[in-house]
Amino acid sequence: MSFPLLTATAVLPAVGAIATAAVPAARRTAAKWLALLVSLATLGLAATVLVRFDPDGDRYQLTESHAWIKEFGVRYELGVDGIAVALLALTALLIPFIILAGWHDADPLETKSSRWRPTQGFFALILAVEAMVIISFEATDVFVFYIFFEAMLIPMYFLIGGFGDRAHAGTDENASAQRSYAAVKFLLYNLVGGLIMLAAVIGLYVVAGTFSLQEIASARADGSLDMATNTERLLFLGFFFAFAVKAPLWPLHTWLPNAMGESTAPVAVLITAVVDKVGTFAMLRFCLGLFPEASDWATPVVLVLALISIIYGALLAVGQRDIKRLVAYASISHFGFIILGIFAMTSQGQSGATLYMVNHGISTAALMLVAGFLISRRGSRLIADYGGVQKVAPVLAGTFLIGGLATLSLPGLAPFVSEFLVLVGAFARYPVVGIIATVGIVLAALYTLVLYQRTMTGPVKAEVSAMPDLRVRELVVVAPLIVLLIGLGVYPKPLTDLVNPAVEHTMSDVQKHDPKPDVEAAK
């Protein structure tokens, strides 16, 4: 029996979470180092998965399959395609940086009105989220996926509500109330989506007699499974609703600005760069894979919602006064691009959407973590409280600028390739949609450059005149992300070679082919 590599990749952070939580209260530093070492070991396993995966091989590789709940046809089935491998690698890569960036975020507070912050719990929860996200990317049994898709809400709830941002305007009581509101809103939105999905999961089993993606695909291929049109569409809506909440897609997005605004910067990165990717990934694997006809039927409405997300998110980002909420609304706009690429039903669009998931994760991590370092120095999230930072902390300002330029998809940085492919793919099948989506690019340039101008340039405000530049630990967090943004922007081929074969399988699932260019019209 071969070594269960995929199981090990998910189990290691889960065991690490338990071990970190069990570290004695007085040994906070030991808990931090343990969590970091576990995350690095998980990264090593993820790198092994990446090396062993053959993009030109079988669709699902490194597969594991074991009987679990025989009475209900549930099997413990794991397997990865190129899309899952890319997102698994992204998750494993970001977690060590998230832990390093949040090194002091859960240290005990001195104020009498504040509760003690259990450091061990903070890092244990981060590792628990990593384990659940990884197995969500690996699961090829719908029921197994559903369990961990929902279970990750619990540690995220405690990370948002229990370890909020210290740079909060107002009293400690007010800050605590807003954190609780954000955490509850996050939980309720996602639980409602999950409950609707549960009904669809049960309905799928009733229709197909199995939860296995591969068995359902085989039954479709040989004609033994033929869903009624209305049934397939209802099941699609149940799955899509849950994924649209997680993604998040307008109008189900309103939990995200609250959650990111009230979280610490590393937890905000965990939300939007890691957890939310499960939603868009699941649209590719489950919505398009299980319900191809219904996906085609819903495409016009989904494209309209994606366009609204792109424009609406960018417009609200332009008007924000809070740095973290600005990044949150920018992420809503970016997720609109990802969903646009998925439902454009072209190979360029879906390849671009997958690359966008990876590159958005890296760029948002870079921007938000540097913003977190900035906020921790000044003690404020308000843009108006800054000015002239580049004169006193040039390295901080420079890395903030690169993160911002990546957010607006500047050519030469990784997100540009993703956004370009999404727009090309959308324009090939839906030219009007592609043209409207480009408005989001203009707005992204506006909110990013205005943010940089107001915080980093101009006269030095007295409150930032003594601000220190990035420290060694902070440079260790940011520098690799900047290198990745530039490297994947200049040479994205390794990533495209990894995901393109998986995209071809998805296009085959929905029985779509790329539109042929209209040569006569181009003359």
Side-chain angles (χ1 to χ4, degrees), residues 4-18 42 60 62-81 84 87-88 91-92 124-159 186-216 235-236 238-247 270-271 274-287 289-291:
L5 182 58
L6 296 185
T7 294
T9 308
V11 167
L12 179 59
V15 173
I18 297 171
T42 304
Y60 295 111
L62 305 174
T63 56
E64 302 172 30
S65 180
H66 308 282
W68 185 17
I69 309 175
K70 294 182 180 180
E71 293 79 2
F72 298 101
V74 179
R75 297 185 62 84
Y76 175 77
E77 288 191 348
L78 305 181
V80 287
D81 60 4
L87 294 174
L88 189 156
T91 300
L125 290 169
I126 291 175
L127 290 176
V129 172
E130 179 182 24
M132 294 174 188
V133 169
I134 285 175
I135 205 166
S136 296
F137 291 140
E138 297 172 343
T140 56
D141 183 280
V142 176
F143 192 79
V144 173
F145 170 83
Y146 174 77
I147 288 174
F148 292 98
F149 179 80
E150 287 294 277
M152 70 179 71
L153 301 180
I154 304 304
M156 285 306 311
Y157 168 81
F158 287 109
L159 283 170
F186 161 83
L187 188 63
L188 288 179
Y189 267 64
N190 284 275
L191 278 178
V192 169
L195 288 173
I196 293 173
M197 180 182 169
L198 177 59
V201 168
I202 295 171
L204 177 66
Y205 178 74
V206 170
V207 173
T210 179
F211 292 111
S212 171
L213 278 177
Q214 298 184 67
E215 290 181 10
I216 294 173
L235 294 178
F236 167 86
F239 277 77
F240 181 80
F241 184 87
F243 304 151
V245 172
K246 185 83 79 180
L270 188 65
I271 294 169
V274 177
V275 172
D276 287 354
K277 298 300 187 299
V278 178
T280 46
F281 163 79
M283 289 181 188
L284 276 168
R285 172 168 283 189
F286 297 103
C287 286
L290 293 173
F291 315 111

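Here, residue 1 is the first one in the sequence, and each next residue gets the next number. Quantities reported herein were computed from a predicted structural model and do not represent experimental measurements. When reading the values below, keep in mind they use all heavy atoms of this one structure, side chains included, and skip hydrogens, waters and symmetry mates.
- When the side-chain hydrogen bond (donor to acceptor under 3.5 Å, both in side chains) test is applied to Ser65, the partners found at least two apart in sequence or on another chain are Arg75, Glu77.
- In this structure Val15 satisfies the side-chain contact (heavy atoms from CB on, under 4.5 Å) test together with Val11, sequence neighbours excluded.
- Residues Val192 and Phe241 form a side-chain contact, since some pair of their non-hydrogen atoms from C-beta on lies under 4.5 Å apart.
- Using the six-membered ring where Trp is involved, Phe286 and Phe243 have ring planes that are tilted, between 30° and 60° apart.
- At least one side-chain heavy atom of Lys246 sits under 4.5 Å from a side-chain heavy atom of Met152.
- Using a 4.5 Å cut-off on side-chain heavy atoms (C-beta onward), Phe211 and Val201 make contact.
- For residues 6-15, the pairs satisfying side-chain hydrogen bond (donor to acceptor under 3.5 Å, both in side chains) are Thr7-Glu64, Thr7-Tyr76, with sequence neighbours left out.
- Under the 4.5 Å side-chain criterion, counting only non-hydrogen atoms from C-beta, Phe145 is not in contact with Thr140.
- For residues 141-154, the set of pairs meeting the side-chain hydrogen bond (donor to acceptor under 3.5 Å, both in side chains) definition, not counting sequence neighbours, is empty.
- For Ile147, the side-chain contact (heavy atoms from CB on, under 4.5 Å) test picks out Trp68, Phe143, with sequence neighbours left out.
- The side-chain hydrogen bond (donor to acceptor under 3.5 Å, both in side chains) analysis of residues 189-206, with sequence neighbours excluded, yields the pairs Tyr189-Thr254.
- For Ala8, the side-chain contact (heavy atoms from CB on, under 4.5 Å) test picks out Phe3, Leu45, with sequence neighbours left out.
- The CE atom of Met197 sits 9.5 Å away from atom CG of Leu204, with the distance rounded to the nearest 0.5 Å.
- Within the structure, side-chain hydrogen bond (donor to acceptor under 3.5 Å, both in side chains) pairs that include any residue of residues 274-284 comprise Lys277-His360 (at least two apart or interchain).
- The minimum heavy-atom distance between Phe149 and Leu153, with the atom names listed, is O-CG, 4.3 Å.
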Listing, residues 124-135 side-chain donor-acceptor contacts under 3.5 Å, not counting sequence neighbours, or none:
none

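- Nearest approach of Ala10 to Glu138, heavy atoms of both residues: CB-OE1, 4.2 Å.
- The shortest distance between side-chain heavy atoms of Leu270 and Leu159 falls below 4.5 Å.
- Under the side-chain contact (heavy atoms from CB on, under 4.5 Å) criterion, Tyr157 pairs with Ala183, Val184, Leu187, sequence neighbours left out.
- Using a distance-only test at 3.5 Å, with no hydrogens or angles considered, a donor-acceptor pair links the side chain of Arg285 to the main chain of Phe137.
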